[in-house]
*Asks:* 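One structure, pasted below without further comment.
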Amino acid sequence: MNPRVFKGARDFLPEQMLHRERITSVMRSVFKKYGFAPLETPAIEYLDTLTGKYGEDADRLIYRLDYKIGSKDAAALHYDLTVPFSRVMAMNPHLAIPFKRYQIQPVWRADRPQPHQGRFREFTQCDCDVMGTKSMVVDAELIAITYEVLKVLGFENFLIKINNRKILNGLTQYAGLTAEFTGEICRSIDKLDKAPWEEVEKELEEKNIPKTAIEKIKALLLGKNLSIENLRIAFANIPLALEGLDELTEIFKLLEIFEIDSKNYTFDLSLARGLDYYTGPIFETKLPLHPHIGSLTGGGRYDELIGLISGKEMPAAGISLGLDRIYTAMEQLNMLSDIKTSTKVLIANFSSETYVPSLQLLHQLRAIGIPTEFFPEQAKMKKQFSYADKLSIPYVLILGEEELKMGKISLKEMKSGDQILIEINDIEKEISK
RNA sequence: GACAUUGUAGCUCAGUUGGUUAGAGCAUCGGUUUGUGGUUCCGAGGGUCGUGGGUUCGAGACCCAUCAUUGUCCCCA
């Protein structure tokens, strides 16, 4: 048998896991700061919980299990974390509303993997959702969380695009079309960040959208002053679109209060997002300088999804931060150091005479909180130093016979190669320099 | 699903119009006389050239098929 990893899935070696853990720990601390509490749901769900929520295209990407196919108990791996969370809400009416949860788990999509773009079949989503309120404060907070996490991780040139499904529905009406065209139109104009208008226009023509409608859309999208205020005039007779514009105005006001740098977010009428369940504001983060990397985060308001599952209405909004996208971006932007272990000090295994004192030293260092390891084999010094070097362990401590006689220890700083003889009690001071 | 790309050592690749026993760098392991890595020097292991068939005296190179890979599109985190 040939050992291989499932296509689109990956092993994460320690040097990758250390970074992934750091990224998720930044997220966890920001999520908690905004008042979110953790939740976990099963990797596996009944198929009927998942189907019919995302739209036709996405439904085909659900990983169905070869188990009780065709029956009510057919199962699948979850496609995202939003729908399982909505199921939890439908099943637990006793929870205090508004309910704010975060959830960090892998999800599966039967997609064609494209690693360079950060696209996989198994990947980790880091979600924050709020159920039970229509307040735009929540939507603004979700954007603030996205901003804060990316900032703390060291991203500078990211852009959170903001739009509203209500405005997009209004756009269809504005063009003189019925609501059923909204999806097709959105999918086409969504490409405007990558493709020129001519291509989008061609696509719209192929979808049999009337010329007059295309012209109206073009005039609006390519118009010089594509601001919320100007859209208000264009959409003056479309109440739903006006409602969407009001919501965005409110969000932008809140983002200012939260001191989100305005260079990191923008209103983008061409942002559509593929999932069917969004009903209001929608968000997506891209790196404008690296357009080939897919969106780092995405989210929006889905006021009708819970109703779809439980029959009881409950407004909701959420975001998903893509751990793998963020990791891929950081990797390609050289934002990751080459750390391979958390160990700060390696104590060399010198001889049988120094065995016990070395282990006492090991215990002593761990007791004061210094991540320390002892080389378990009595190998040649060369081998032990080369181990420290490979793992980029910053310090090696040698407690050999000579040091033992003097009652001191040798401390070598690996990067510079400098080695000094110090008192045991001075270790903490020396390595924190 | 559509179009394109590439399959030679663990990795990155070379391999000249087909011609002995298929090479390099990196990585791995060992040695460099035994208390010091990352830098020197020496050495070793590791490939049925994706798979199956065909052309030929002869195929890693050419032809067909097949599988896989990678990229773009679609869609998304």
Side-chain angles (χ1 to χ4, degrees), chain A residues 2-4 7-8 23 27 54-62 78-82 104-127 146 183-184 186-188 190-191 194-195 199 203 271-276 278 282-287 291-300 318-329 338 346 348-351 353-354 375 378-404 409-419 421:
Chain A
N2 197 28
R4 54 192 191 139
K7 186 189 173 91
I23 295 168
M27 289 178 185
Y54 307 106
E56 244 179 84
D57 281 348
D59 269 5
R60 262 184 274 125
L61 299 179
I62 295 174
H78 58 214
Y79 174 91
D80 72 354
L81 303 177
T82 308
I104 300 179
Q105 283 183 251
V107 303
W108 292 270
R109 294 182 187 178
D111 210 357
R112 170 105 197 254
Q114 288 181 39
H116 187 62
Q117 301 178 8
R119 184 203 201 84
F120 306 96
R121 283 181 174 170
E122 177 182 84
F123 62 97
T124 300
Q125 288 195 321
C126 314
D127 280 29
T146 305
E184 293 294 351
C186 287
R187 243 163 281 157
S188 294
D190 193 41
K191 288 165 197 161
K194 277 184 184 172
E199 265 177 54
E203 202 177 296
L271 172 68
R273 297 191 54 72
L275 299 180
D276 271 3
Y278 294 117
I282 46 179
F283 340 107
E284 186 167 295
T285 307
K286 293 280 295 181
L287 298 176
H292 72 275
I293 301 175
S295 51
L296 263 43
T297 85
I319 46 165
S320 180
L321 311 187
L323 174 58
D324 304 86
R325 289 281 165 83
I326 290 171
Y327 182 90
T328 301
D338 61 351
L346 174 73
N349 188 339
F350 201 79
S351 68
E353 281 91 90
T354 63
F375 199 86
Q378 217 178 85
K380 291 183 176 176
M381 281 301 109
K382 177 187 169 74
K383 195 165 190 172
Q384 303 194 32
F385 274 94
S386 128
Y387 172 78
D389 183 53
K390 262 188 201 164
L391 294 188
S392 308
I393 296 172
Y395 295 97
V396 175
L397 268 182
I398 303 120
L399 182 49
E401 274 111 21
E402 286 173 30
E403 285 87 354
L404 205 56
I409 47 175
S410 291
L411 176 71
K412 177 158 174 163
E413 205 223 321
M414 294 299 282
K415 204 173 167 190
S416 64
D418 297 340
Q419 185 166 323
L421 204 58

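Proteins come first, then strands; the chains are lettered A, B, ... in the order of their sequence lines, and each starts at number 1. All values below come from the heavy atoms of this structure, side chains included, with hydrogens, waters and symmetry mates left out.
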*Asks:* With rounding to the closest Å, how many angstrom separate the P atoms on B:A22 and B:A9?
*Replies:*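 The answer is 14 Å between these two P atoms.
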*Asks:* Expressed as a whole number of angstroms, how long is the span from A:Asn349:CG to B:U36:P?
*Replies:*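 Nearest whole value for this atom pair: 15 Å.
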*Asks:* Taking atom P in both B:G25 and B:U21, what distance in whole Å separates the two?
*Replies:*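 To the nearest whole Å, 23 Å.
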*Asks:* Once you round it to whole Å, what is the distance between C1' of B:G35 and CD of A:Gln419?
*Replies:*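 A:Gln419 atom CD is separated from B:G35 atom C1' by 9 Å.
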*Asks:* Please report the distance, rounded to the nearest Å, between CZ in A:Phe375 and C1' in B:G35.
*Replies:*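 After rounding, the gap between these two atoms is 15 Å.
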*Asks:* Starting the side chain at C-beta, find the nucleotide from B:G37, B:C75, B:A77 nearest to A:Phe120.
*Replies:*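 Given the options B:G37, B:C75, B:A77, the side chain of A:Phe120 is closest to B:A77.
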*Asks:* State, yes or no, whether a side-chain contact exists between A:Phe350 and A:Ile398 at a heavy-atom distance under 4.5 Å.
*Replies:*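 A side-chain contact under 4.5 Å exists here.
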*Asks:* Find out whether A:Phe283 and A:Thr297 are in side-chain contact, i.e. whether some heavy atom of one side chain is under 4.5 Å from a heavy atom of the other.
*Replies:*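 Of all side-chain heavy-atom pairs linking A:Thr297 with A:Phe283, none is under 4.5 Å.
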*Asks:* Walk me through it: do A:Tyr387 and A:Ile393 pass the test side chain to side chain contact (heavy atoms under 4.5 Å, CB included)?
*Replies:* CA-CA 8 Å; A:Tyr387 172 78; A:Ile393 296 172; 4.2 Å; yes
*Asks:* Suppose you measure atom P in B:U66 against the same atom in B:A27; what distance do you get, rounded to whole Å?
*Replies:*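 Their P atoms lie roughly 41 Å apart.
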*Asks:* In chain order, what residues pass the side chain to side chain donor-acceptor pair (under 3.5 Å) check against A:Arg112, with sequence neighbours excluded?
*Replies:*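 Counting only residues at least two positions away or on another chain, A:Arg112 forms no side chain to side chain donor-acceptor pair (under 3.5 Å).
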*Asks:* Ignoring hydrogens and geometry beyond distance, is the side chain of A:Lys412 in donor-acceptor contact with the base of B:G37 at under 3.5 Å?
*Replies:*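 Under the 3.5 Å cut-off, the side chain and the base do form a donor-acceptor pair.
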*Asks:* With no angle test and no hydrogens, is the base of B:G35 tied to the side chain of A:Glu403 by a donor-acceptor pair under 3.5 Å?
*Replies:*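 When only heavy-atom distances are counted, A:Glu403 does reach the base of B:G35 through a donor-acceptor pair under 3.5 Å.
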*Asks:* Respond yes when some side-chain nitrogen or oxygen of A:Gln117 is under 4.0 Å from OP1 or OP2 of B:U72, and no when none is.
*Replies:*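 Answer yes for this pair, as a side-chain N or O of A:Gln117 is under 4.0 Å from OP1 or OP2.
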*Asks:* Would you check if the side chain of A:Glu401 reaches a backbone N or O of A:Glu353 as a donor-acceptor pair within less than 3.5 Å?
*Replies:*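 No, the answer is negative, given that no donor and acceptor are paired below the 3.5 Å cut-off.
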*Asks:* Hey, are the side chains of A:Leu397 and A:Ile409 touching, using non-hydrogen atoms and a 4.5 Å cut-off?
*Replies:*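 Counting from C-beta outward, A:Leu397 and A:Ile409 do come under 4.5 Å.
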*Asks:* Check side chain to side chain donor-acceptor pair (under 3.5 Å) between A:Glu403 and all other residues, then give those that pass, not counting sequence neighbours.
*Replies:*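 So A:Glu403 forms a side chain to side chain donor-acceptor pair (under 3.5 Å) with A:Ser410.
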*Asks:* Send over the distance from A:Leu404 CG to B:G35 P, rounded to a whole Å.
*Replies:*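 Nearest whole value for this atom pair: 16 Å.
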*Asks:* May I ask you to verify if any side-chain N or O of A:Lys380 is less than 4.0 angstrom from the OP1 or OP2 atom of B:G37?
*Replies:*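 Indeed not, no polar side-chain atom of A:Lys380 lies that close.
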*Asks:* I'd like to know if A:Gln384 reaches the base of B:U36 with its side chain, counting only an N/O donor and acceptor under 3.5 Å.
*Replies:*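 Side chain to base: no pair present.
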*Asks:* When the distance from NE2 of A:His292 to P of B:U70 is rounded to whole Å, what number comes out?
*Replies:*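 Distance, rounded to whole Å: 15 Å.
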*Asks:* For A:His116 and A:Ser188, take the nucleotide of RNA chain B holding the closest heavy atom to each; which residue's nucleotide lies nearer the 5' end?
*Replies:*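 Checking each residue's closest nucleotide, the 5'-ward one belongs to A:His116.
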*Asks:* Any N or O donor-acceptor pair under 3.5 Å from the base of B:G37 to the side chain of A:Asp389?
*Replies:*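 Side chain to base: pair found, below 3.5 Å.
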*Asks:* Check this for me: does the side-chain of A:Lys7 come within 3.5 Å of the base of B:U69 through a donor and an acceptor?
*Replies:*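 Checked by distance alone, the answer is no.
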*Asks:* Can you tell me how far P of B:C75 sits from OH of A:Tyr79, to the nearest Å?
*Replies:*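 Spelled out: OH on A:Tyr79 to P on B:C75 is 12 Å.
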*Asks:* Measuring only between side-chain heavy atoms, which start at C-beta, is A:Gln384 closer than 4.5 Å to A:Val396?
*Replies:*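 When only atoms from C-beta onward are counted, A:Val396 and A:Gln384 do not touch, as no gap falls below 4.5 Å.
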*Asks:* Determine whether the aromatic ring of A:Phe123 stacks with the base of B:A77, defined as ring centroids separated by less than 5.5 Å and ring planes inclined by less than 30°.
*Replies:*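 Yes, the aromatic ring of A:Phe123 stacks with the base.
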*Asks:* Would you sketch RNA chain B in dot-bracket for me? Only Watson-Crick or G-U wobble pairs with both distances under 3.5 Å count, crossing pairs as [ ], other-strand pairs as |, the rest as dots.
*Replies:* ((((.((..((((.....[...)))).((((.........)))).....(((((..]....))))))).))))....
*Asks:* Looking only at side-chain atoms of A:Arg119, point me to the closest of B:A77, B:G37, B:C75.
*Replies:*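 The closest nucleotide is B:C75.
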*Asks:* Please tell me which of the listed nucleotides, B:G71, B:G37, B:A77, lies nearest to the side chain of A:Pro115?
*Replies:*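 Minimum distance to the A:Pro115 side chain belongs to B:G71.
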*Asks:* State, with a plain yes or no, whether a side-chain heavy atom of A:Leu323 is found less than 4.5 Å away from one of A:Ile326.
*Replies:*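 No; the side chains remain at least 4.5 Å from each other.
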*Asks:* Sticking with atom C1', work out how far B:U34 lies from B:C26, rounded to a whole angstrom.
*Replies:*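 Looking at atom C1' only, B:U34 and B:C26 are 29 Å apart.
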*Asks:* Taking the inter-plane angle between the rings of A:His292 and A:His116 on a 0 to 90° scale, is it parallel (under 30°), tilted (30 to 60°) or perpendicular (over 60°)?
*Replies:*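 Rings of A:His292 and A:His116: parallel, under 30°.
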*Asks:* Closest-nucleotide mapping onto RNA chain B: is A:Ile398 or A:Pro113 further toward the 5' terminus? I mean the 5' end.
*Replies:*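 Result of the comparison: A:Ile398.
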*Asks:* Side-chain contact, heavy-atom cut-off 4.5 Å: A:Tyr395 with A:Lys412?
*Replies:*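 They are not in side-chain contact.
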*Asks:* Just jot down the side chain to side chain contact (heavy atoms under 4.5 Å, CB included) partners of A:Lys7, sequence neighbours excluded, or say none.
*Replies:*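 Applying side chain to side chain contact (heavy atoms under 4.5 Å, CB included) to A:Lys7 gives A:Pro113, A:Arg121.
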*Asks:* Could you work out the separation of B:G58 and B:C13 based on their C1' atoms and round it to a whole Å?
*Replies:*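 Nearest-Å result for B:G58 against B:C13 at atom C1': 27 Å.
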*Asks:* What integer distance in Å separates A:Arg60:CZ from B:C75:C1'?
*Replies:*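 In whole Å, B:C75 C1' and A:Arg60 CZ are 10 Å from each other.
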*Asks:* Determine the interatomic distance between P on B:U36 and the same-named atom on B:G30; round to the nearest Å.
*Replies:*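 So the two P atoms sit 16 Å from each other.
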*Asks:* Can you tabulate the close N/O pairs, meaning under 3.5 Å, that link protein atoms to atoms of nucleotides 26-29 of chain B?
*Replies:*
from	atom 1	to	atom 2	distance (Å)
B:U28	OP1	A:Lys390	NZ	3.3

*Asks:* Decide yes or no for A:Leu404 and A:Leu399: does some side-chain heavy atom of the first lie under 4.5 Å from some side-chain heavy atom of the second?
*Replies:*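 Result yes, sub-4.5 Å side-chain heavy-atom pair found.
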*Asks:* How far does the C1' atom of B:U48 sit from the matching atom of B:C3, given to the nearest Å?
*Replies:*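 Those two atoms are separated by 34 Å.
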*Asks:* Rounded to whole Å, please give me the gap between NZ in A:Lys286 and C1' in B:C75.
*Replies:*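 Whole-Å distance recorded here is 12 Å.
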*Asks:* What's A:Phe350 touching, base or sugar-phosphate or nothing? Going by heavy atoms closer than 4.0 Å.
*Replies:*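 It contacts base atoms.
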*Asks:* Looking at every strand, decide which applies to A:Leu323 at a 4.0 Å heavy-atom threshold: base, sugar-phosphate, or nothing.
*Replies:*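 A:Leu323: no heavy atom of the nucleic acid under 4.0 Å.
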*Asks:* Among B:A77, B:G71, B:U32, which nucleotide has an atom closest to any side-chain atom of A:Lys382?
*Replies:*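 The listed nucleotide nearest to A:Lys382's side chain is B:U32.
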*Asks:* Testing A:Lys286, A:Gln117, A:Arg119 one by one against A:Arg325 for a side chain to side chain contact (heavy atoms under 4.5 Å, CB included), which residue passes?
*Replies:*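 When side chain to side chain contact (heavy atoms under 4.5 Å, CB included) is applied between A:Arg325 and each of A:Lys286, A:Gln117, A:Arg119, only A:Arg119 qualifies.
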*Asks:* Which whole number of Å gives the distance between the C1' atom of B:U32 and that of B:G37?
*Replies:*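 Straight-line distance between the two C1' atoms is 15 Å.
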*Asks:* Under the 3.5 angstrom rule, does the side chain of A:Asp324 hit a backbone N or O of A:Gly118 as a donor-acceptor pair?
*Replies:*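 Here the side-chain-to-backbone pair does not exist.
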*Asks:* I'd like a table of atom pairs between the protein and nucleotides 1-4 of chain B - only N or O on both sides, under 3.5 Å - with the distance next to each one.
*Replies:*
from	atom 1	to	atom 2	distance (Å)
B:A2	N6	A:Arg112	NH1	3.4

